[in-house]
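Working notes, beginning with the structure itself.
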Amino acid sequence: MTGASALMDPNSVFTALRLSVVLACVTTGIATAIGIPLAWWLARSRNWWRDVASSLITLPLVLPPTVLGFYLLLLLGPSGLGALAAHITGRPTFAFSFAGLTIGSVIAALPYIVQSTQAAFETIGFKPLEIAYTLRAPPLRAFLTVALPLAAPGVIAGAVIAFAHTIGEFGLVLMIGGDIPGQTRVLSIMLFDNVETGNWASAHAIAGGMVAFAFITILTLRLTQKRLTHRTR
Amino acid sequence: MTGASALMDPNSVFTALRLSVVLACVTTGIATAIGIPLAWWLARSRNWWRDVASSLITLPLVLPPTVLGFYLLLLLGPSGLGALAAHITGRPTFAFSFAGLTIGSVIAALPYIVQSTQAAFETIGFKPLEIAYTLRAPPLRAFLTVALPLAAPGVIAGAVIAFAHTIGEFGLVLMIGGDIPGQTRVLSIMLFDNVETGNWASAHAIAGGMVAFAFITILTLRLTQKRLTHRTR
Amino acid sequence: EQARVAVAANFIGPAKELIADFMQQTGDVIIPSFGSSGQFMIQIEQGADYDMLLSADVAKPAKLLKDGFGVEKSQFTYAVGKLVLWSNNPAYPASENTLRTGSFGHLALCKPDVAPYGAAAVATLETLHLAQQLQPRIVMGMDIAQAYQFVQSGNAELGFVAYSQLHNQHQGTVWVVPPALYPPIRQDVVLLKQGAQNQAARAFLAYLQSTKARAIIISYGYDMP
Amino acid sequence: MPQYLSVHFQGPIDQLEMDIAFNITCPGITGIRGPSGCGKTSLLRGIAGLHHFPKGHCRLGDETWQDDTTFLPPWKRAIGYVPQDGGLFAHLSVEKNLRFGMSHRQGKDLFYEEIVDALRLHALLKRSTQALSGGERQRVAIGRALLTQPKLLLMDEPLSALDVNIKNEILVYIKDFLTQKQIHTLYVSHDSEELRMIASHILDWPSIQHAE
Amino acid sequence: MPQYLSVHFQGPIDQLEMDIAFNITCPGITGIRGPSGCGKTSLLRGIAGLHHFPKGHCRLGDETWQDDTTFLPPWKRAIGYVPQDGGLFAHLSVEKNLRFGMSHRQGKDLFYEEIVDALRLHALLKRSTQALSGGERQRVAIGRALLTQPKLLLMDEPLSALDVNIKNEILVYIKDFLTQKQIHTLYVSHDSEELRMIASHILDWPSIQHAE
Ligand SMILES: Nc1ncnc2c1ncn2[C@@H]1O[C@H](COP(=O)(O)OP(=O)(O)OP(=O)(O)O)[C@@H](O)[C@H]1O
Ligand SMILES: Nc1ncnc2c1ncn2[C@@H]1O[C@H](COP(=O)(O)OP(=O)(O)OP(=O)(O)O)[C@@H](O)[C@H]1O
Ligand SMILES: [Mg+2]
Ligand SMILES: [Mg+2]
């Protein structure tokens, strides 16, 4: 098999790798985009009900992925968002599609981002924002140019966790995705198959590849952050 | 069955609950105890190799739990630490015991704590420590009385994630623990059994219980942290 | 005496009843652990002290014997699974016909390389010459429980599941796939080296072949060899 | 017709009950002095919109920033604020700090060069703000506030960490700049000499406290 | 036999090349003044052990804190340090800040009450440090440093945010305290009046810079 056809063959490792990478990136991206404002809102005040909300958001972490997967199947299917899905996709469910997979992964990844980012916002406090306001930066600009860069270490930590976790997620992904080659069969599922069937040579190779890829990505993220937020003491 | 005997019955939900709670607490405790100094060491300087180390610590997150479980079995078993295990316990492996389960859970939980805590230390910076030094606090005291309380939001966030995740962990726990009633059969495994057999009434009840318990614990953690680190602006 | 038994996840229901009955009869203690057969293989190779494995297939006990983990001649078939097509959606009644029309959205099964019921489902589709045509509609779960949940939650219109999963519920429509369409799903048990001298394990192995035990297994929707 | 800055704030800050009122003609440089902890910083924060005193008002000319029904948020008030601790952004270089509040209307960059020169900031522009000396921080903070071209400038002990020579030079420059641009200024300081040099009149704290 | 504080630091701080040396008899209160950004804070940090100048030495009496082979970490030097920005711990109350550096040897609590009184900190003890006024912060920082009972006290513009009245009172108190306890002090300030009141002699920056 030539390199090119291996890339196109939906059963190949490359396809699974591509799906894993896309899923992890898209999930981390969306979860960060939702998680940052959420964390901000949670960090802004000390009402007890914000603590309640923050704790609630964490709860998906507590359920085993296959169980969370089942509840998400109910949510995405005919008894849940199915009507909406039928409207958009013509099928009565969001499950078994890349879109559905992404929704599920985002819900599972959100707690990591929110917890870590909220802590960062709480640590930096109000003061820098007040200064930005007096310099005529309205809240959005103050947030983007001051609060967010100052909280960068925490945000990046959350994103790294979410990214790594999504790459390795398997129970949830299989449950919502249905293991469709070329659509929802990601690398972790392939790895699982090889482990379950005792196909150790392939398993080690895939695991090694995943780890190497994740290592490079995380290291890059960390170094970029260092560059961005570099401060001489 | 009376309450007392239900508590003792190795097959009961209460036993599994107790094991889950103990496992989650012990794991979070040990992972925090190891993770905080590690995060501190990683945050202390900007050498590129500390970024490498920090990224390496994150890698267990990348592997699906069952696969990580497999590698941990190798580590804990006859081809790894087995000789040591045989010496201590008389069995050729640390696996399939509560101790082995704890080792595995700690390795899986460590990345959460380290990432979040390291970010917090990076955010607070050096200055408060320098002041502590000039007040004759040697490094350990300065760390415990100044750096750690200032980094509390990040540490707590890491601990909350690690705790919630350990409660819900299932792939790893099943692989390393082997589902032994009264020893390694935690709540998430019991939930899995009920889901497997389509026993939804019990499954919902257990899932609800897990979520409720975790909610209360996390909320308590957060409120305690707020109390401890309360600052008027 | 007590013995530890590893039980494939699809057999959890009957295993619990069998063990309860056995323990009442003999006073011996059987401690079951539930999980996937593949996971048990790995654990046994890494020194787990199970005395006996109730596998979901034939191949794994055979491999354990070959690799020296099992006790010679202790392997036998304790149950034969029945494959069914199940629908929880009145618009798509479970039948060969519905399969052939191919008008449904998703057909659930479990992973053929991991779970015997998945292999049987694929074999059935191949015998019916539908494998190619239905390929794009197939969604796969890790095990029969997930295939079942795909249908139960309404996300898949049809699914190949185990008859034993449906034995005490009456939702939807069921088509029992004729055994001729797929190779039999034999589930084998094997006594492991660890349990070679364990009287409770040996007794339980004998009990599995008793009339009482066979009746219980059949009542859960399995066939016997 | 003369314009007025009219301020009346009443309400608690933690345990301290404040009740201040004054009315001054604009533009000009008003010195403010008073004992440690009397509420000078709080007064400036109130005018900047960073603290909301439950009762009172704040008007500059025909603009109302606060009264019983209005409370304009800080970013909508045409103020410049030099906080007591400088309040530099730790994640931005000196230059980016200076430019943070500049709008990008034309002609602004003219002042930029001039102000950087007058405050002797040229050598610092690329530096991180984390390692600046105390006096350097204050000069950056002043420059940053001036560059927003405010209508009202609030300065909270802005030169307390500067030596006499550079302080006098900067005082002269600021005074010229503010007078020329007709920027009204409230200038808090403990240094009588400094106030004498820059302020057109001085408010002593007791004089603006409301009689009980 | 008179004791000496002998300091010589040489090396770069970023682009700034420093080379300072002086030798003074102890105990006494030495005023230090110099232009903004010349290196006063860096000098104090060097003496405190927070900055390690690659060359030079630092000796107090018969103790060597730094020379070619020695570098004592800050927590082993018997110093008190009042940093330019106060450096209060944000997570501790005023009282806990004050007590942070107190060892628990007997008799110390005597000074505690006295110092809290003299610095007028009574009303603040239970407060968080986050909301203190500028002058209040400085007084807490001074109290905290005094309570460590140092052999050498380093004060970096410690009273710059205080009004004249309280400043004079505190100056008198500190001077008495230091003289009585024989604590040698380096006192950085830009205020000549202040230096005149407290310092037994004054080092002008140029005089301690090494000739090139
Ligand atoms: N957010 C707050 N919460 C509680 N008390 C506060 C708050 N802000 C200020 N205070 C208190 O109110 C009083 C006035 O503070 P303010 O900072 O306005 O004083 P100041 O006049 O600027 O003093 P200084 O000259 O020392 O800077 C002080 O006692 C201060 O501790
Ligand atoms: N860590 C550092 N990295 C780079 N430059 C530094 C560092 N610390 C100080 N500097 C620079 O060295 C010079 C001396 O700083 P220092 O704080 O010692 O001055 P200072 O005499 O205390 O001035 P001021 O009276 O304004 O407080 C300044 O130009 C400052 O910007
Ligand atoms: Mg003030
Ligand atoms: Mg200085």
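Proteins get letters first, then strands, A, B, ... in listed order; numbering begins at 1 in each.
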Inset, instruction - Could you check whether the rings of A/Trp41 and A/Trp49 sit parallel, tilted or perpendicular, using 30° and 60° as the cut-offs? - result: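 Rings of A/Trp41 and A/Trp49: tilted, 30 to 60°.
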Legend entry - Plane angle bin for C/Phe40 and C/Tyr50 - parallel if under 30°, tilted between 30 and 60°, otherwise perpendicular: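 Ring orientation of C/Tyr50 relative to C/Phe40: perpendicular.
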In terms of heavy-atom pairs under 4.5 Å with chain A, which of [options] leads?
options	value
C/Ala145, C/Gly141, C/Ser36	C/Ser36
C/Met41, C/His106, C/Met142	C/His106
C/Ile42, C/Val139, C/Asn89, C/Asn155	C/Asn155

Inset, instruction - Can you tell which part of C/Lys63 gets under 4.5 Å to a heavy atom of chain A, answering side chain, backbone, both or neither? - result: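 Nothing of C/Lys63, per the 4.5 Å heavy-atom cut-off to chain A.
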Legend entry - Under 4.5 Å from any heavy atom of chain A - which part of C/Met140: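 Answer is both: backbone and side chain atoms of C/Met140 are under 4.5 Å from chain A.
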Inset, instruction - Step through the shown structure and confirm whether more than 12 heavy atoms of other residues, nucleotides or ligands are within 6.0 Å of OH on C/Tyr92. - result: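 Enclosed: over 12 neighbouring heavy atoms sit under 6.0 Å from OH of C/Tyr92.
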Legend entry - Residue, of A/Thr197, A/Ile189, A/Leu73, that accumulates the most heavy atom pairs under 4.5 Å with chain C: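 Maximum pair count with chain C is reached by A/Leu73.
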Legend entry - Greatest number of heavy atom pairs closer than 4.5 Å to chain C - which of A/Gly198, A/Gly100, A/Pro78: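 With the most close heavy-atom pairs to chain C, the winner is A/Pro78.
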Show me the donor-acceptor pairs within less than 3.5 Å that the side chains of residues 174-184 of chain A make with the rest of the protein, sequence neighbours left out.
from     : atom 1 : to       : atom 2 : distance (Å)
A/Asp179 : OD1    : A/Arg185 : NE     : 2.7
A/Asp179 : OD2    : A/Arg185 : NH2    : 3.4
A/Asp179 : OD2    : C/Lys111 : NZ     : 2.3
A/Thr184 : OG1    : A/Gly177 : O      : 2.8
A/Thr184 : OG1    : A/Asp179 : N      : 3.4
A/Thr184 : OG1    : A/Ile180 : N      : 2.8

Legend entry - Any side-chain heavy-atom pair of C/Met52 and C/Leu192 under 4.5 Å: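 Side-chain contact under 4.5 Å: no.
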Inset, instruction - For the pair C/Arg4 and C/Asp49, evaluate salt bridge (charged side-chain N to carboxylate O under 4.0 Å, His left out) and give the outcome as yes or no after the intermediate values. - result: CA-CA 8 Å; C/Arg4 293 197 49 210; C/Asp49 44 9; 3.1 Å; yes
